[in-house]
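Just so we're on the same page: letters track the sequence lines, and every chain starts at 1.
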Amino acid sequence: MDRYEQVTELARRRGYMWPAFELYGGAAGFYDYGPLGARLKRRIEDTWRSFFVVREGFSEIDCPTIGVEEIFKASGHLSGFSDPLTECKECKEIYRADHLIKHIIEVPDALSDQEIYRVIQDNDVGCPECGGRLSEVYEFNLMFRTAIGPGNKYPGYLRPETAQGMFINFQRLLRYHRDALPFGAVQIGRSYRNEISPRQGVIRLREFTQAEAEVFIDPRDKTHPRFCEVEELILTLYSRQGQEMGQTERMTIGEAVDKGIIAHQMLAYYVARTYQFLRAAGVAEDRLRFRQHKADEMAHYAADCWDAEVLLDRLGWIEVVGVADRTDYDLRSHMAQSQANLKVFVNYKQPERRRVVRIKPDMKALGPRFKGQAKAVAQALQAMDPADLKESGESVTVHVDGQKLFIEANLIAVEEVEEEVRGEEIVPHVIEPSFGIDRIIYSVLEHAYREEMVDEESRIVLGLLPGIAPVDVAVLPLMDREELTGPACQIVDEFRRMGMIVDYDTSGSIGRRYRRNDEVGTPFCVTVDYETLEEGTVTIRDRDSMKQIRVGVQALGETISALIGKRMTLDEASAALSQGS
RNA sequence: GCGCCGAUAGUGUAGCGGUUAUCACUAGGCGUUGCCAACGCCUAAACUCGGGUUCGAAUCCCGAUCGGCGCACCA
């Protein structure tokens, strides 16, 4: 049994996660989070919030998971997210139809499915495997399609990423941020991709949770004001160059930027924060690296892209986060699709005086002559180069609505004015750290899992970090007797009032209960025994070291809370208490 | 989507045409038990689904679903 199996078995057995719809035979690519898993997920998401919403000051929004068609036309998911497929009628092999005619047509991407099929037929293209006849070409799109309202007139799509929510709300977000760059918006939520063949448990899902941040920045300045906070951090980098040699390097963030390995501070800063977040969630240092996208795997618009990859036992290195400089691609796409202005007006430090050449059509003359077309004519004239205009002599030719129009030069004034320019409109660039929450959850579980021998018995421990582990503390009466369960219940009550998640367990021997809590990852157990009645003390038992310390009941809540919050170690707690007594 | 392999209590399993469906762990109850999976007694709990062959199917056949591996796919 390998580690993947051990972890998924434990996860299923103990209520972390399991395949969804089991009652009805299941459906590939869907998972449920059980009682512990849902809590772990929430805690990981909250840790993410503490990094990106609290510490970076980004604004969290929450958008519909269904989107209208225009969004995905603009984002490219409608065209680029689907492939034309064809199937061999003999051997049932599936092929990318456009790939089969590459040698015949130079740009098969430009053809429709019917056109591709016609090329296949005209050129007698057969199955590369068996030579059999190929089926008609059909589109397989990775988006789930649905209908908004009755009928099929108004298609909707389940979003394939949360990012579009931030892009299409850019104007409102900009306004909310008082019209100034930089600012960040984030969203944690479900996304959907109708994968052809989901596998590997929670690693490739059809419905999954993303946490994405879109940081809108001024493209002319990709430094980060808080870069000094992270420049000393040492990360394992697997750069483009390193990949050619198959070598990773340990390097500070500052050095990586200085050497030009990471494109700029802005990107490097979020790579560093990503590292810190993953460590805080419980990803192991020695099973984490940052891999740079090679030029050919990066989206064409991206300037640079680094994936956080996690080493898993069976699956190898798996991408859990992507941090990309997406430049102005997304905003420009939505500008083109929506005709809205998604630019930011940026003031210059000093207003500049500039001589500007203005083209002024004589609207008094053009209006009556062209009527409804007049506006378009004026725009066409103003779009011309003033230099060309001057050289064009008696009349100027413009094309409007496919018509060729001649306009006398004396109806067009070209004047040079000096004006004050206070700033300019720019399209922000976007830095996008995008996190796959489900993959992170699985990685955290696998990295936390260990088996160790204790007195010739093997012990399974989920070494989840305190604060991340779904149960904060277990309260265990040594025996299931009223004189012990009474005080124990009071302790449970106190912990709960303090906001902790508590497990209370009286069943079986104390050793069995310790092991059970080890297996689900509860970091601390509090045991109520007969000394509790006599001395007013309880023991705190540490999951990882199995050490115990005795603590007075009155200091218990504070001590446990400090241990979970990592404001105190077990040794410090022990020392403080022995000093106090 | 294709090919190969598999699917039995919560978990891991035995079974190879006729069994009360095996065993262990787990879980629950009672007793016992004074800190690391103790013990005794009792209890609960399963043949993935649908069709077929047969007097009779967990077992053989077909299909579906799910899972593993390989191929393909993976903005």
Next on the checklist: Are A:Phe30 and A:Phe21, when compared by the centres of their aromatic rings, separated by less than 6.0 Å?
Outcome noted: yes
Item to check | Pairwise P distance, B:G40 and B:U33 [rounded to whole Å] | outcome: 16 Å
Checklist entry - Looking only at atom C1', what distance separates B:G10 and B:G63, rounded to whole Å? => result 30 Å
Checklist entry - Centres of the A:Tyr329 and A:Phe167 rings: under 6.0 Å? => result no
Item to check | Separation between the C1' atoms of B:G70 and B:G50, rounded to whole Å | outcome: 29 Å
Checklist outcome for this item: A:Arg516 atom CZ is separated from B:G10 atom C1', nearest whole Å, by 13 Å
Item to check | Separation of atom CG in A:Leu23 from atom C1' in B:A46, rounded to whole Å | outcome: 15 Å
Next on the checklist: What's the gap between B:A58 and B:U8 when it is taken at their C1' atoms, as a whole Å value?
Outcome noted: 7 Å
Checklist entry - Looking only at atom P, what distance separates B:A57 and B:U20, rounded to whole Å? => result 15 Å
Item to check | Euclidean distance, atom CZ of residue A:Arg204 to atom C1' of B:G68 [Å, nearest integer] | outcome: 15 Å
Checklist entry - Going through the checks in order, is the side chain to side chain donor-acceptor pair (under 3.5 Å) test met by A:Thr485 and A:Tyr504? => result CA-CA 10 Å; A:Thr485 57; A:Tyr504 172 74; 4.6 Å; no
Checklist entry - Starting at the 5' end of RNA chain B, what dot-bracket string do you get if Watson-Crick and G-U pairs under 3.5 Å are bracketed, crossing pairs use [ ], other-strand pairs use | and unpaired bases use dots? => result (((((((..(((.....[....))).(((((.......)))))....(((((..]....))))))))))))....
Item to check | Donor-acceptor side-chain pairing of A:Asp328 and A:Tyr301 below 3.5 angstrom | outcome: no
Checklist entry - How many Å lie between OH on A:Tyr24 and P on B:G67, as a whole number? => result 19 Å
Item to check | Partner residues of A:Tyr449 under the side-chain hydrogen bond (donor to acceptor under 3.5 Å, both in side chains) criterion, sequence neighbours left out | outcome: A:Glu451
Next on the checklist: I need the CD-P distance between A:Glu519 and B:C25, as an integer number of Å.
Outcome noted: 16 Å
Next on the checklist: For a quick check of understanding: with a heavy-atom distance under 4.0 Å over all strands, which category does A:Ser75 fall into, base, sugar-phosphate or nothing?
Outcome noted: nothing
Checklist entry - Roughly how far, to the nearest 0.5 Å, is CD1 of A:Ile66 from CD1 of A:Ile148? => result 6.5 Å
Checklist entry - What's the CD-C1' distance between A:Glu9 and B:G10, to the nearest Å? => result 10 Å
Item to check | Sole residue of A:Arg541, A:Arg543, A:Arg512 in salt bridge (charged side-chain N to carboxylate O under 4.0 Å, His left out) with A:Asp518 | outcome: A:Arg541
Checklist entry - Can A:Glu69 and A:Tyr157 be counted as having a side-chain donor-acceptor contact under 3.5 angstrom? => result yes
Checklist entry - Mind checking the P distance from B:U11 to B:G67? Whole angstroms is fine. => result 15 Å
Item to check | With A:Glu70 via salt bridge (charged side-chain N to carboxylate O under 4.0 Å, His left out) - residues at least two apart | outcome: none
Checklist entry - Say you pick atom P in B:U43 and the same atom in B:G1; how far apart are they, in whole Å? => result 48 Å
Next on the checklist: Can you work out whether A:Tyr31 or A:Arg13 has the more 5'-proximal nearest nucleotide on RNA chain B?
Outcome noted: A:Arg13
Next on the checklist: Can you give me the closest heavy-atom contact between A:Met500 and A:Gly557, atom names plus distance?
Outcome noted: CE-O, 4.3 Å
Checklist entry - What integer distance in Å separates A:Arg12:CZ from B:A9:P? => result 11 Å
Within the sub-3.5 Å range, which N or O atoms of nucleotides 34-36 of chain B have a protein N or O partner, and how far apart are they?
unit_1: B:C35; atom_1: O2; unit_2: A:Tyr514; atom_2: OH; d: 2.4
unit_1: B:C35; atom_1: O2; unit_2: A:Gln548; atom_2: OE1; d: 3.4
unit_1: B:C35; atom_1: O2; unit_2: A:Gln548; atom_2: NE2; d: 2.6
unit_1: B:C35; atom_1: N3; unit_2: A:Tyr514; atom_2: OH; d: 3.4
unit_1: B:C35; atom_1: N3; unit_2: A:Thr539; atom_2: OG1; d: 3.4
unit_1: B:C35; atom_1: N4; unit_2: A:Asp529; atom_2: OD2; d: 2.5
unit_1: B:C35; atom_1: N4; unit_2: A:Thr539; atom_2: OG1; d: 3.4
unit_1: B:C36; atom_1: O2'; unit_2: A:Arg515; atom_2: NH2; d: 2.9
unit_1: B:C36; atom_1: O2; unit_2: A:Arg541; atom_2: NH2; d: 3.0
unit_1: B:C36; atom_1: N3; unit_2: A:Arg541; atom_2: NE; d: 2.9
unit_1: B:C36; atom_1: N3; unit_2: A:Arg541; atom_2: NH2; d: 3.1
unit_1: B:C36; atom_1: N4; unit_2: A:Arg541; atom_2: NE; d: 3.2
unit_1: B:C36; atom_1: N4; unit_2: A:Met546; atom_2: O; d: 2.8
unit_1: B:C36; atom_1: N4; unit_2: A:Gln548; atom_2: NE2; d: 3.1

Checklist entry - Parallel, tilted or perpendicular: which describes the rings of A:Phe144 and A:Tyr192, with under 30° parallel and over 60° perpendicular? => result perpendicular
Checklist entry - For A:Tyr4 and B:G68, is the shortest distance between a side-chain N/O and OP1 or OP2 below 4.0 Å? => result yes
Item to check | Separation between the P atoms of B:G15 and B:U48, rounded to whole Å | outcome: 15 Å
Item to check | Non-neighbouring partners of A:Asp62 that pass side-chain hydrogen bond (donor to acceptor under 3.5 Å, both in side chains), sequence neighbours left out | outcome: none
Checklist outcome for this item: A:Leu205 CG to B:C66 P, in whole Å, measures 14 Å
Next on the checklist: Both A:Arg326 and A:Pro19 contact RNA chain B. Taking the nearest nucleotide for each, which residue is further toward the 5' end?
Outcome noted: A:Pro19
Checklist outcome for this item: Sorted by number, residues from residues 310-324 of chain A placing a heavy atom under 4.0 Å from RNA chain B are A:Arg314
Next on the checklist: Over all strands shown, is A:Gly508 touching base, sugar-phosphate only, or nothing at heavy-atom distances under 4.0 angstrom?
Outcome noted: nothing
Item to check | Geometric cation-pi criterion A:Arg289 and A:Trp317, 6.0 Å radius, 45° cone | outcome: yes
